[in-house]
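Computed from heavy atoms alone, side chains included, the values below leave out hydrogens, waters and symmetry copies. Treat the numbers as computed from the prediction; the structure is a model and nothing was measured.
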Amino acid sequence: MNPLLVTVAVPVPLYRGFDYLLPASLAAGARPGVRVRVPFGRRKLCGVIVRAPFERVDDSQDYRPLDAVLDDAPLLGAELLALCEWAAEYYRHPLGEVIAAALPGSLKHGDAAVLHRPQRWQLTPDGQQALATLPGRNRAQRSALEALQAGARGAGEWPVAPAIRARLVELGWVASVADDARQPAAVSDPLPLTAAQQLALHELEGGEQGFRVSLLEGVTGSGKTELYLRRLQASLDAGRQALVLVPEISLTPQLAQRLRERLGDGVLSFHSGMSEGEREQAWLAAREGTTPVIVGTRSAIFVPFARLGLIVVDEEHDASYKQQDGFRYSARDLAVVRAQRLKAELILGSATPSLESLHNAQAGRYRHVRLSERIHAQAPPRIDLLDVRKQTLAHGLAPPLLSALDRCLEAGDQALLFINRRGYAPILLCHACGWQAACAHCDARLTVHRGRSRLICHHCGAQQPLPRGCPSCGAAELMPLGQGTERIEQALLNRYPRKRIERLDSDRLGRRHELQRLLDDVRARRVDVLVGTQILAKGHDFPNLSLVGIVSADQALYGADFRAIERMGQLVTQVAGRAGRAGQRGEVLLQTHEPDHPLLRLLVERGYAGLSAALLNERREARLPPFSHLALLRAEARDAAPPMHFLAAARELLLPLRGLQVMEPIPSGMERRAGFVRAQLLVQAEQRSALQSALAAIVPRLTELARGVRWSIDVDPADLF
DNA sequence: AGCACGCCGACT
DNA sequence: GTCGGCGTGCTC
C-alpha cells in the first residue's frame, strides 16, 4: 500500500494546500479538525488537518512527514471546519488564516486544549471564623473574604488578586470546590410583555421550526432585549445552546449581566478584551456544551458549539460586524450561513436595519417582525433640523442649540451632544500663511488633541507635539479649525462651569472599567451633559435624556461612499433614540448647512423607514447592493505605479469573464496612507456566483503578478475606500 | 507571513 | 576587511 498523505491548513497567507506524509504510528488519530505540528520551510507550525488521509499516488512530489498529532479528538468539529471552509471560499482568503482566526490564541499555537472544570471558591468554617476575628489592618484579605461571603460564585466573579487568593488558600480559609452542577443562581422572572411584544414574540416563535431568519425591527426602547431573552430561554429549554453577537466590546458586560440574571450564570462572554486564557476556556466550554450561552463580538461567530440552536445578532446594521483588514468577513452574514447549515434560528435585531436585511425581508427570505411602540408609550423623539447657515457658531454650536441646552440644564435634565469626530479640531491652520498641519505618511490632515497637547493622525497614528508657532512662516498664532468632541467638551465646560460635562469617545476608553463607571454616572444623573462620538449610538441606554444635539451630519451628504447616507440615517436615528424619558418626549436638534437636502428631509419627516425605502429604490436603480454584488481588489506599495499596474493587469484577467462589470482601477479615497500608496479595482456582478468564480479564477494569477505589491480581496466591501 | 539567501554602503 | 540594508523566492 502506498504511504498516506494528509492535507494541512497552515496559518500562512498562501492559497495552496500543503500535504504531508502521515507516519503509520500517527495514522490512528489523524482526522479532519485535528491539529498537527508540521515542518514548514525552516520553521515548525501548528496546522489543522482538513481532509481525511488519502493514498499517495504521484511520485513526482517530495513530501515531508508531519511531526506530531496534537489532539486526541478533532479540535474543530465538522460544523466549524465546514464554516471555515465556506468562509475561505466566499471571502477568498487562505484557509489556514481563516482557521487561525477561528481559534483562540493559545490553541492556535498548539497548546493542549484543556477545559478546566468549573470551580467555585468557598469560605471554609475556619474562614468564617477568621472573618469575625481578622484584624482591621488586613484590609485586602478582609474584603476578599467579605466578597465571597456576599455570594461571589464563579472563579471569575471573585475579584481578588492572585497573591491574596493564594494566601487565603494557604491559611485554609477558602477552598475551591468543583461546580459541575451549575445551578442557575438568582434567576429572575421574565418581564411582562406589552401587547406589541407579545405579538412580535408570537411571530418569532411561530411557523416552521428549524432554519429561519427573523429581522426584528424595533425602535429604541421597544424592548427587543426582552424578546431575545424569551427566545433564548426557549432555546435553552429545548436543550440547545445560543450565541448572542453584539457590535462592541463595551456592550458585552451589560448584556451578559442581564442574561445571567435571567438565564443563570452559565452565560459566558467572548471578545478580544478578555485574556487569552479566559477566551480559550469560554471557547472550550461552548464546544463541550457546558455553557448554554455565549455573548460576544464579531470573532465569536467562530466559537464552536455542541448543539447550537439560536443565534441573535443585535444591532445587525452595525459596520463593526465586518472585519476591516486581513480576513474581511462579516460576522452577521456568516451567522446566516451558520444558522442555515445548523438548521438553527437566527434573529437579526435593529432599530435601523441595514438595507441588505430589509431587502431580504421584503424578498421573503427573512420574516419581518416589527416592534414600533416604545414600552413606556412615550412618543418617539422628533428630529428638528436646525439651519445653521448664517448663524454665528460658538465652537460649532448654533444659538438655538445653546439655548435649548440652557433650558435643559436649568430644568435639571440631561443632554447629549453627538459629534462624530475625536480630538479638539480636525485642522490646524496658520492664519498668516495658510499652512496646515499634515501627516507625513498619509494624505490627511493632523487632528489637534489639546488634552494631550499633540497633533495626531487618525489614519496611521503618527503623532507630534503641538507646534507653538507656524513651522512654515513663524507666525505665533495657529487656528484650530472645525470641531471634535474635545472642543465641544471644552466649550461646554466654559459655558456651564458648575455642571458636570463628560466626554465619551475611543480616546477615553483606555481603562477597562472606566466606560462602565461613566455610564453608571450618567444613569445616576451625576452627569449633566455627555459629549461623544458614535459610541453613543451603540445601544447604551440613557434613561434620563431630554435633549439630544447632533452637531453635524453633513459630511455624509457629500460623502463619496454609496453607503454614507444609509449610515448617517442609522447613526442619527440611533442617537436620537436615546432622547426621551418615561412619559416625556425628547427633543432632538440636528444642525445642518443643508436643511433642504431631500434625503435629510425624508429622514426627519418619515423617519428611518422612509429614508431606507428611498435609498433602496436608489440602489435598485443604480444596481448597487443589495441589488448586485461587489468585490474590491485593493493594492498598495511604496511607490505609486506598481499598484495601478497590478490592478490594470488584474482587470485584463477579469474582462473576458462573464457576468461581471469591471471598473477602471482608481487611486483609493485616501491615496497615501501610513506610507503606502493605495489603489483599488471595483468588480460588480448581478449574480454572486459569477463574482465567486471570477475571483476564484484570478487569485492564482494575482499571486504571480504581485511583485512588490501588497494586495487583498474584499468581498461585500463595507466601504469603498 | 516568516525566514533565508544575496549582493552593495558605513563602521569595530 | 565585516555588519547589515531590504529585494526576491520559497514554504508539502
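Evaluation of the side chain to side chain contact (heavy atoms under 4.5 Å, CB included) rule for A:His317 yields A:Glu315, A:Ser350, A:Thr352, A:Ser354, A:Gln570, A:Gln574 as partners, not counting sequence neighbours. By the side chain to side chain contact (heavy atoms under 4.5 Å, CB included) test, A:Arg710 pairs with A:Glu636, A:Phe676, sequence neighbours left out. Residues passing the ring-ring contact (aromatic ring centres under 6.0 Å, His included) test with A:Tyr20, sequence neighbours excluded: none. The side chain to side chain contact (heavy atoms under 4.5 Å, CB included) check on A:Arg287 picks up A:Leu75, A:Trp283, A:Leu284, A:Pro304, with sequence neighbours excluded. Under the rule for a ring-ring contact (aromatic ring centres under 6.0 Å, His included), A:Tyr91 has no partner lying at least two apart in sequence or in another chain. For the ring-ring contact (aromatic ring centres under 6.0 Å, His included) test, residues two or more places apart in sequence or in another chain that qualify with A:Phe627 are A:His359. A:Arg37 meets the side chain to side chain contact (heavy atoms under 4.5 Å, CB included) test with A:Lys44, A:Asp67, A:Ala68, A:Leu70; sequence neighbours excluded. The side chain to side chain donor-acceptor pair (under 3.5 Å) search around A:Ser668 returns A:Gln680, not counting sequence neighbours.
Think of the region where chain A sits on DNA chain B: with heavy atoms and a 4.0 Å cut, that region ends 5' and 3' at B:dA1 to B:dA4.
Ring geometry for A:Phe327 against A:Tyr329 counts as tilted: the plane angle lies between 30° and 60°, on a 0 to 90° scale.
Within residues 17-35 of chain A, no residue approaches DNA chain B, by heavy-atom distance under 4.0 Å.
Between the C1' atom of C:dT11 and the CZ atom of A:Arg16 lies a distance of 7 Å, rounded to the nearest Å. Rounded to whole angstrom, the span from the CG atom of A:Leu14 across to the C1' atom of C:dC10 amounts to 9 Å. What separates CZ of A:Arg64 from P of C:dC12 is a distance of 5 Å, to the nearest Å.
Among residue pairs with one or both ends in residues 33-55 of chain A, those qualifying as ring pair (Phe, Tyr, Trp, His ring centres under 6.0 Å) are A:Phe18-A:Phe40; sequence neighbours excluded.
Looking at heavy atoms from C-beta onward, A:Pro467 lies in side-chain contact with A:Leu455 at the 4.5 angstrom threshold.
At a threshold of 4.0 angstrom between heavy atoms, the contacts of A:Arg42 are confined to the sugar-phosphate backbone, with no base atom among them. Backbone-only contact: A:Pro39 has heavy atoms under 4.0 Å from sugar-phosphate atoms and none from a base.
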Each nucleotide N or O in nucleotides 6-9 of chain C that has a protein N or O under 3.5 Å away: list the pair and distance.
none

